[in-house]
K.L.:
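If you scroll down you'll find the structure; I have some questions about it.
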Amino acid sequence: MILLFESGVDESVVRDVTLRLQAAGLRALRGPEPRRAALVVPEGLPPELAAELEAEPTLTLVQPHEPWRLVHRALRDAPSVVRIGGPRGVAIGGGSVAVIAGPCSVEGRQAVLEAAHHAREAGAQLLRGGAFKPRTSPYAFRGYGVEGLAQLKAAGVATGMPVVSEIMDASDLPAFVDHDIDCLQIGARNMQNFTLLAAVAGAERPVLLKRGLAATVEEWLLAAEHLAAAGCSQIVLCERGIRTFETATRNTLDLTVLPLLHEWTHLPVVVDPSHAAGIARIIPPLARASITAGADGLALEMHLRPEVARSDAAQALLPGELARIMADVRVLVALDGRRLSPAASPACSAPPR
Ligand code: PEP
Ligand code: MN
């Protein structure tokens, strides 16, 4: 059950309702909308209490058909805007579009710095790079670990770009926080690793939640709900292609979910056509289609020399190809009255602690 208060309602009313719910042995989770209070009661309301609360003039009770609550569209008046890199960081959602670009793996201090400069010059606002890599084969390059986080953050600071990197194990969380990784990526393989989701929710920074390899939208949104219920209020969803019978591409890019997600959740959604396609040359039209279908941003892999990339070489864009995609995105975003987010203000690029 969702309890929506009238906007501007006195905090004492919200407190009073919370106490009544708790006295009945129910949980009352506070919704993320700052201008309009909302409470989620995961267990639902017993009929007498529902009738009592329905009589409250400042309160509307909403029982969504869908099983998610805190990430439900009904919980907010407007879509969520997630800022990566602090309050003056890069905005994603609510009409602001941002692009995350960079190598699949962090491959050394100089390599990631050069990639960062090219990504920034092309117009991307956020830098990506994996330091802990989930690889199908145990013999493949699995990333430089903590040293890779330091190299990524240094490149982000040098170029004024907040950084995004995948975390695979909750025991690595202190290293991600110490290196001030601005956004924690949950990879497709870990979308339903619920203990990892609860751990990263406690880190008080944005989370990029990729769709599982074969996850339904409901499973994906309930994974987001796990993050939200554990206290994370800055969640960005990422469609990255799903497993189907088709083998011509690495995965099948499911753009059909974009308009639905905007009806079902207030969370922003970005699209990663790189991991969906697995083939660099077909990424530009998929990137354009993603923006046209309503994506709040893109995640794109780029490498200066794709032929020597240590992971996902076949899908790595060249810097010039990234720049052309950015030019297209600028046009498409303006066409539907949205805007490309400005780059983060330098204040967010403090050196790592
Ligand atoms: C990645 O972003 O490099 C990655 C491994 O993505 P996914 O989890 O979508 O496969
Ligand atoms: Mn990759």
Side-chain angles (χ1 to χ4, degrees), residues 79-103 106 109-130 149-165 176 179-185 205-208 234-236 238 268-274 284 287-288 290-291 295-304 317-353:
S80 288
V81 180
V82 172
R83 280 196 182 269
I84 299 182
R88 292 152 70 90
V90 175
I92 303 186
S96 292
V97 174
V99 174
I100 306 165
V106 175
R109 189 166 287 274
Q110 193 55 29
V112 71
L113 181 62
E114 280 175 26
H117 278 296
H118 283 281
R120 185 74 205 93
E121 252 162 57
Q125 304 96 324
L126 297 158
L127 178 65
R128 63 149 287 146
L149 294 181
Q151 294 169 355
L152 176 70
K153 184 66 190 185
V157 169
T159 52
M161 284 195 283
V163 298
V164 184
S165 200
F176 279 74
H179 289 87
D180 201 17
I181 301 305
D182 301 280
C183 176
L184 305 173
Q185 175 174 319
R205 55 195 64 212
V207 174
L208 182 70
Q234 299 164 280
I235 305 166
V236 180
C238 179
V269 191
V270 304
V271 173
D272 170 353
S274 301
R288 294 194 294 269
S290 302
I291 295 294
D296 297 294
L298 297 170
L300 296 164
E301 288 191 345
M302 185 211 72
H303 200 284
L304 268 56
L317 297 163
L318 288 163
E321 292 169 328
L322 175 65
R324 281 193 289 282
I325 290 175
M326 290 302 304
D328 292 343
V329 168
R330 199 164 275 117
V331 172
L332 293 171
V333 158
L335 269 182
D336 60 11
R338 297 187 289 164
R339 60 203 161 274
L340 259 191
S341 284
S345 88
C348 90
S349 305
R353 287 187 292 273

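Just the heavy atoms: all of them, side chains too, but no hydrogens, waters or symmetry mates, feed the values below.
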K.L.:
What residues form a side chain to side chain donor-acceptor pair (under 3.5 Å) with Arg120, not counting sequence neighbours?
P.N.:
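Side chain to side chain donor-acceptor pair (under 3.5 Å) check on Arg120 returns nothing, list empty.
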K.L.:
Do Leu184 and Leu208 make a side-chain contact, defined as non-hydrogen atoms from C-beta onward lying under 4.5 Å apart?
P.N.:
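Heavy-atom side-chain distance check fails, nothing below 4.5 Å.
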K.L.:
Just verifying a value: how many Å separate Leu300 CG and Ser274 OG, rounded to the nearest 0.5 Å?
P.N.:
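The OG atom of Ser274 is 5.0 Å from CG of Leu300, to the nearest 0.5 Å.
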K.L.:
Got a sec, which residues hit salt bridge (charged side-chain N to carboxylate O under 4.0 Å, His left out) with Asp272, two or more places apart in sequence or on another chain?
P.N.:
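With sequence neighbours excluded, Asp272 shows a salt bridge (charged side-chain N to carboxylate O under 4.0 Å, His left out) to Lys210, given in chain and number order.
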K.L.:
Roughly how far, to the nearest 0.5 Å, is the CD atom of Gln185 from the SG atom of Cys238?
P.N.:
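Atom-to-atom, Cys238:SG and Gln185:CD are 7.0 Å apart.
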K.L.:
Could you measure the distance from the CD atom of Glu301 to the CD1 atom of Ile100? Nearest 0.5 Å is fine.
P.N.:
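Rounded to the nearest 0.5 Å, the CD-CD1 separation comes out at 11.5 Å.
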K.L.:
Using a 3.5 Å cut-off and no angle test, enumerate the donor-acceptor pairs between side-chain atoms of residues 321-335 and protein atoms at least two apart in sequence or in another chain.
P.N.:
residue, atom, partner, partner atom, Å
Glu321, OE1, Leu318, N, 2.7
Asp328, OD2, Arg288, NH1, 3.2

K.L.:
CD/Gln234 to OG/Ser80 distance, rounded to the nearest 0.5 angstrom?
P.N.:
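So the CD of Gln234 and the OG of Ser80 are separated by 10.0 Å.
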K.L.:
Kindly give the heavy-atom pair with the smallest separation between Ile291 and Arg338, and that separation in Å.
P.N.:
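So the two residues come closest at O-NH2, 3.0 Å.
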K.L.:
Run the side-chain donor-acceptor check on residues 109-118: report pairs under 3.5 Å with partners two or more places apart or on a different chain.
P.N.:
residue, atom, partner, partner atom, Å
Gln110, NE2, Glu114, OE2, 3.3

K.L.:
Report the C-alpha separation of Ile235 and Val82 in whole Å, then their side-chain angles, then the decisive distance to 0.1 Å, and conclude whether the side chain to side chain contact (heavy atoms under 4.5 Å, CB included) test is met.
P.N.:
CA-CA 7 Å; Ile235 305 166; Val82 172; 5.8 Å; no
K.L.:
Is the closest side-chain heavy-atom distance between Pro268 and Val81 below 4.5 Å?
P.N.:
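Answer no - side chains too far apart.
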K.L.:
Find out whether Val207 and Cys183 are in side-chain contact, i.e. whether some heavy atom of one side chain is under 4.5 Å from a heavy atom of the other.
P.N.:
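No, too far: nothing below the 4.5 Å cut-off.
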K.L.:
Under 4.0 Å between a side-chain nitrogen and a carboxylate oxygen: does that hold for Asp182 and Arg205?
P.N.:
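Judged by the 4.0 Å cut-off on N to carboxylate O distance, Asp182 and Arg205 do not form a salt bridge.
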K.L.:
If we check side chain to side chain contact (heavy atoms under 4.5 Å, CB included) with Leu152, which of these qualifies: Val157, Val164, Leu127?
P.N.:
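Filter result, single survivor: Leu127.
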K.L.:
To check you understand the geometry: which heavy-atom pair defines the closest contact between Pro319 and Leu304, and what is its length?
P.N.:
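Scanning both residues, the minimum pair turns out to be CG-CD1, 4.0 Å.
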K.L.:
Please identify each residue that fulfils salt bridge (charged side-chain N to carboxylate O under 4.0 Å, His left out) with Arg339, with sequence neighbours left out.
P.N.:
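Salt bridge (charged side-chain N to carboxylate O under 4.0 Å, His left out) list for Arg339, sorted by chain: empty.
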K.L.:
If you measure from OG on Ser96 to CG on Asp296, what distance do you get to the nearest 0.5 Å?
P.N.:
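Going from the OG atom of Ser96 to the CG atom of Asp296 covers 9.0 Å.
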K.L.:
Donor-acceptor pair, distance only, cut-off 3.5 Å: does the side chain of Lys153 make one with the backbone of Asp180?
P.N.:
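Yes, the answer is positive, given that a donor and an acceptor are paired below the 3.5 Å cut-off.
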K.L.:
Using every non-hydrogen atom in the two residues, find where Pro273 and Ala299 come nearest and quote the distance to one decimal.
P.N.:
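Scanning both residues completely, I find the closest heavy atoms to be CD-O, 3.5 Å.
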K.L.:
Using the test side chain to side chain contact (heavy atoms under 4.5 Å, CB included), find all partners of Ala98 that sit at least two apart in sequence or belong to another chain.
P.N.:
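In terms of side chain to side chain contact (heavy atoms under 4.5 Å, CB included), with neighbours along the sequence ignored, Ala98 is linked to Val90, Ile92, Gln125, Leu126, Ser341.
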K.L.:
Look at the side chain of Arg88 and the backbone N and O of Ala344, then say whether any donor-acceptor pair between them is shorter than 3.5 Å.
P.N.:
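Looks like no, no N/O pair under 3.5 Å.
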